[in-house]
Structures are given as structure tokens and as C-alpha cells.
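Taking it in order: structure first as C-alpha cells, then the write-up.
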Amino acid sequence: MIRHLSYIIPNKSSDLPQQIKVDKIITEDEFNLICECSQVIGKFNVFCDYYYMLEKSFNETLSYLAMVESRDYKLKNQMDKHVMITEMNRLFIGTLNMFYNYATYYLIDIIELFDKDSEEYKKVKSTQSKYFDANFEYRLLYGLRNYTDHGKLPITIVSYNAKNNVRCFLISKDEMSKCEYFNRNLKNDIKKLTDNINVKDILIKSKKFMFELHKEISLIDEHNVLFSYTYLKKYLKKDGFPCVVSYKSEESKEKGQFEISLPFDELQLVGYNIRKMGFGAIASFKNGEGFYYYDPYNLMFTKEQKEKLKLE
């Protein structure tokens with residue numbers, strides 16, 4: 001197989017198709033490394049996608065809650081109240097399912113890159129355990145997902161707060177204390193409660209610590225992510241986006257029998273995902289492998305430091 005590094009050149013006129021400019025031949029080893037780097041940052045981006053879906057679930061549920069908690073949101077009859085509680089449960093159960101999907105995805109995915117005895121896998125497990133142990137809300141969401149999976153609706157009470165005149169959506173602590181699907185630790189947590197569980201409080205607290213958890217877990221493999229980003233970035237050009245054109249022989253090329261692969265497509269998304277976690281710049285060093293960094297705004301190093309460290 002003959003492979004050429006090539007560039008997709010956009011036309012200024014939207015009526016014309018894009019052009020492909022064929023550049024240098026790349027070796028099989030170089031192509032394989034490009035694909036491996038693409039896979040690393042692709043997995044990183046997918047994990048970030050899972051978090052953004054979770055974040056959106058939190059936001060949609062909180063947005064609906066903000067609308068219906070106000071007494072200005074009028075309920076004409078019992079049917080309106082029933083519809084409101086049903087919709088609140090639908091959104092909340094969706095958030096529970098997305099929470100579970102997020103919490104389990106990275107453990108499944110990281111095994112494809114490492115194994116259960118690897119330091120990376122152990123770090124993911126220990127980080128999740130740290131947040132699980134430190135946050136009642138984490139344990140509750142995990143348990144409630146199991147609870148709803150057995151056909152139970154979590155939100156069954158709507159009360160009114162006389163102080164601020166808002167509706168409160170509650171999960172009954174008495175019903176939760178009867179749940180046979182909770183583990184012993186969560187059952188003990190429920191027994192200690194003095195009031196029913198306020199759904200809004202749970203959502204706000206969970207959204208906050210899940211963002212912190214995401215920052216820790218997603219960058220456990222930061223060295224490979226930053227190496228892959230740095231390596232693939234060197235192929236970028238201002239006047240075109242890189243791709244790989246492959247064909248079996250010169251005869252195939254002449255007949256127009258070739259394939260176009262796009263291993264650089266994930267590259268632009270990496271920077272966006274890193275910035276979304278609040279990092280303006282980030283770096284990683286590993287003995288024997290070197291120093292790699294993401295610093296689009298030149299926040300981390302002066303020009304002199306970059307020259308000294310041979311970063312450019």
C-alpha cells in the first residue's frame with residue numbers, strides 16, 4: 001500500500017468542491033503512529049462527550065425544575081400536577097442513566113488501552129472511589145439508578161416552602177429506607193436523614209463534584225493525550241487540513257482507485273475539551289519519553305524558555 005500525506009484545500013467559492021493536494025509519501029510505521037495517536041485523542045474526546053451529555057442532562061433537569069418550582073407556574077388541576085411530576089421524573093431518571101453511563105464508560109474504555117493491573121486503571125478506580133466515599137450524593141445517584149431500573153419512580157412528593165414560596169420536589173426518605181436494592185452503606189446513609197431528599201440540592205451538588213471528578217479522571221492518561229496532540233499538530237498547515245490518500249499501486253492511482261482516511265479529524269476537538277475543563281495550558285513530563293504540552297495562548301512559557309527547553 002502506498003500512502004501520501006495530503007491536504008484538503010477548501011475553495012473560496014462554496015459552489016466548487018474541495019480539492020486534495022497530495023504531498024509526501026509516508027511510511028507504514030509513520031502511518032501506524034498517526035493512527036495510534038488519533039485513537040488516543042479520539043478516546044479522550046469520546047469520554048469528554050459522555051461528560052457533556054451528563055452535563056446537559058443536569059442542566060435540562062435543573063432548567064425545568066427552575067420553571068416549575070415557582071408559584072408563578074400555575075397548576076389548574078390535579079392533572080397538571082400529575083404531568084409536572086411525571087416530567088420531573090422523566091428528566092431526573094434520564095440524568096441518573098447518563099450519570100451511570102458516564103461513571104462506567106471510562107473503566108470499560110481504559111481496559112482497551114491498558115489492563116486491570118495497570119497504574120492508569122488503578123488511578124481511575126481510586127479516583128472514583130474517593131468521590132464515592134466523600135459524597136453522599138454520588139452514592140445516592142448510583143443507588144437511585146438501580147432503584148429506578150426496577151420500575152420505581154424516585155420523585156413522589158411536592159411540597160411548598162413558605163419562606164421563599166417555591167415548590168420543592170422531594171424523594172421520600174421512608175420509601176428509600178425500604179429499598180432492597182441499596183447496598184448497606186447507602187441504607188445507613190438513608191437512616192441518618194432527618195428530612196426527605198431535596199432533588200434540587202442533589203442535582204446542584206452532584207453537578208459540581210462531577211465536574212471536578214471529570215477533570216481528574218480524563219487527564220489520568222494526559223501524557224499520551226498531549227504526546228498525540230503534539231505529534232499530530234506538526235502535520236497542520238494554514239492553507240489545508242491533513243488527510244492520508246492510500247492506493248495499492250501506481251496503476252490503481254491512475255484509475256482513480258484510492259482511499260482517503262481522516263486520522264486528524266479529532267485533533268481540533270482536543271483543545272476545546274481541555275479548555276472546557278478550565279485549563280488554559282497543561283503539560284506533562286515522563287522519564288524516557290519527554291515533555292509535551294498544550295499551550296495555545298502562550299500562558300506557560302516565555303519565548304526564551306521555549307528555546308531553552310527546545311519546545312519549538
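In what follows, residues are counted from 1 in the order of the sequence shown.
Under the 3.5 Å distance criterion, with hydrogens and angles disregarded, no donor-acceptor pair is assigned to the side chains of T156 and S172. In summary, the side chains of D29 and N32 do not present any donor paired with an acceptor at a separation below 3.5 Å, with no hydrogens or angles considered. Checked by atom type, the side-chain pair E216/Y131 shows a donor-acceptor distance below 3.5 Å.
Rounding to the nearest 0.5 Å gives a distance of 5.5 Å between CZ of F44 and CG of L219. Here the CG atom belonging to N183 is positioned 8.5 Å from the NZ atom belonging to K187, to the nearest 0.5 angstrom. Between atom OG of residue S228 and atom CG of residue D221 there is a gap of 8.0 Å, rounded to the nearest 0.5 Å. With rounding to the nearest 0.5 Å, the separation of CG in L226 from CZ in F291 is 9.0 Å. Summarising the geometry, atom OH belonging to Y231 is positioned 10.0 Å from atom CD belonging to E36; distances are rounded to the nearest 0.5 Å. Between the CD1 atom in I274 and the SG atom in C48 there is a gap of 8.5 Å [rounded to 0.5 Å].
Residue-environment remark: CE (M79) stays at or below the threshold of 12 foreign heavy atoms within 6.0 Å. Within a 6.0 Å sphere centred on CD of E30, heavy atoms belonging to other residues, nucleotides or ligands number more than 12. Environment of CD in E259: sparse, with no more than 12 heavy atoms of neighbouring residues, nucleotides or ligands closer than 6.0 Å. Crowding of K125 atom NZ: a count of heavy atoms from other residues, nucleotides or ligands under 6.0 Å not exceeding 12. Residue K286 qualifies as enclosed at atom NZ: its count of foreign heavy atoms under 6.0 Å is above 12. Heavy atoms of other residues, nucleotides or ligands lying less than 6.0 angstrom from NZ of K191 number 12 at most. With a 6.0 Å radius and a threshold of 12 heavy atoms from other residues, nucleotides or ligands, Y105 has its OH atom above the threshold.
Nearest heavy atom pair, residue I9 against residue G240, reads CD1-CA, 3.8 Å. When every heavy atom of S57 is checked against every heavy atom of T61, the shortest pair comes out as O-OG1, 2.8 Å. Contact between V244 and S246 at its shortest, heavy atoms only, is CG1-OG, 3.8 Å. Closest heavy-atom contact between C243 and I8: SG-CG1, 3.9 Å. Here the closest non-hydrogen pair linking L232 and P263 is CD1-O, 4.3 Å. Annotation for S206 and L141: closest pair OG-CD1, 3.4 Å, computed over non-hydrogen atoms.
Checked against a 6.0 Å centroid threshold, the rings of H214 and F47 count as neighbours. If you look at Y7 and F241, their ring centroids are not closer than 6.0 Å. The distance between the ring centers of F285 and Y292 does not fall below 6.0 angstrom. Ring centers of Y229 and Y294: under 6.0 Å apart, within the cut-off.
S70 places no side-chain N or O within donor-acceptor distance of the main-chain N or O of M67, the cut-off being under 3.5 Å. Between the side chain of N45 and the backbone N or O of E266, at least one donor-acceptor pair lies under 3.5 Å. N146 contributes a side-chain N or O that, together with a main-chain N or O of Y181, makes up a donor-acceptor pair within less than 3.5 Å. No donor-acceptor pair under 3.5 Å is formed between the side chain of D149 and the backbone N or O of R145. With hydrogens and angles ignored, the 3.5 Å screen pairs a side-chain donor or acceptor of T86 with a backbone N or O of H82. One N or O on the side chain of S177 and one on the backbone of D174 form a donor-acceptor pair closer than 3.5 Å.
For the pair K215 and F279, the cation sits on the ring face: its NZ or CZ lies under 6.0 Å from the ring centre, inside 45° of the axis. Because its NZ or CZ atom is not both nearer than 6.0 Å to the ring centre of F169 and within 45° of the ring axis, K200 does not count as a cation-pi partner of that residue.
Both I260 and Y247 are members of a single hydrophobic cluster when ILVMFWY side chains are connected at heavy-atom separations under 4.5 Å. The hydrophobic cluster containing L193 does not contain I157, counting ILVMFWY residues as joined when their side-chain heavy atoms lie under 4.5 angstrom apart, directly or transitively. In the hydrophobic clustering of ILVMFWY residues, with side-chain heavy atoms under 4.5 Å counting as a link, Y235 and V40 come out together. A continuous path of ILVMFWY side-chain contacts below 4.5 Å connects Y52 to I217, so both sit in one hydrophobic cluster. Cluster annotation: F92 is not connected to L170 through the hydrophobic network of ILVMFWY side chains, with a link wherever side-chain heavy atoms come within less than 4.5 Å.
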Decide side-chain contact (heavy atoms from CB on, under 4.5 Å) for L54 and M210; before the verdict, give the C-alpha distance in whole Å, the side-chain angles of both, and the deciding distance to 0.1 Å. CA-CA 9 Å; L54 172 62; M210 287 306 293; 3.9 Å; yes

When you look at R139 and D189, which way does the side-chain contact (heavy atoms from CB on, under 4.5 Å) test go after all the steps? CA-CA 9 Å; R139 300 190 294 275; D189 290 333; 2.7 Å; yes

Evaluate the side-chain contact (heavy atoms from CB on, under 4.5 Å) criterion for residues V46 and K43: first the C-alpha distance (whole Å), next the side-chain angles of each, then the deciding distance (0.1 Å), finally the verdict. CA-CA 5 Å; V46 170; K43 287 181 176 295; 5.7 Å; no

Please lay out, stage by stage, how I190 and I197 fare under the test side-chain contact (heavy atoms from CB on, under 4.5 Å). CA-CA 9 Å; I190 300 295; I197 301 165; 4.2 Å; yes

Would you sort out whether N273 and Y51 count as a side chain to side chain donor-acceptor pair (under 3.5 Å), showing the intermediate values? CA-CA 10 Å; N273 284 329; Y51 173 74; over 6 Å; no

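D201 is linked by a side-chain contact (heavy atoms from CB on, under 4.5 Å) to N198, counting only residues two or more places apart in sequence or in another chain. Under the salt bridge (Lys or Arg N to Asp or Glu O under 4.0 Å) criterion, E289 pairs with no residue, sequence neighbours left out. Considering only residues two or more places apart in sequence or on other chains, D133 meets the salt bridge (Lys or Arg N to Asp or Glu O under 4.0 Å) condition with none of them. In this structure, E222 has no salt bridge (Lys or Arg N to Asp or Glu O under 4.0 Å) partners at least two apart in sequence or on a different chain. Residues passing the side-chain contact (heavy atoms from CB on, under 4.5 Å) test with L75, sequence neighbours excluded: Y73, D80, K81, M84, R167. Partners of R90 by salt bridge (Lys or Arg N to Asp or Glu O under 4.0 Å), not counting sequence neighbours, listed by chain and number: E87.
Under the ring pair (Phe, Tyr, Trp, His ring centres under 6.0 Å) test applied with Y142, the options F136, F182, Y147, Y100 reduce to a single match, Y100. Residue L62 is tested with L203, V199, T95, L91 for a side-chain contact (heavy atoms from CB on, under 4.5 Å); the sole match is L203.
Salt-bridge annotation for D195 and K173: absent, with no side-chain N of the basic residue lying under 4.0 Å from a carboxylate O of the acidic one. Taking the charged nitrogens against the carboxylate oxygens, E28 and R3 do have a contact shorter than 4.0 Å, which makes a salt bridge. Salt-bridge formation is not detected for the pair E120/K123: no Lys NZ or Arg NE/NH1/NH2 atom is positioned less than 4.0 Å from an Asp or Glu carboxylate oxygen.
Below 30°, between 30° and 60°, or above 60°: for Y138 and F209 the angle between ring planes is below 30°, a parallel geometry.
Using a 4.5 Å heavy-atom threshold, the side chains of L65 and E69 count as touching.
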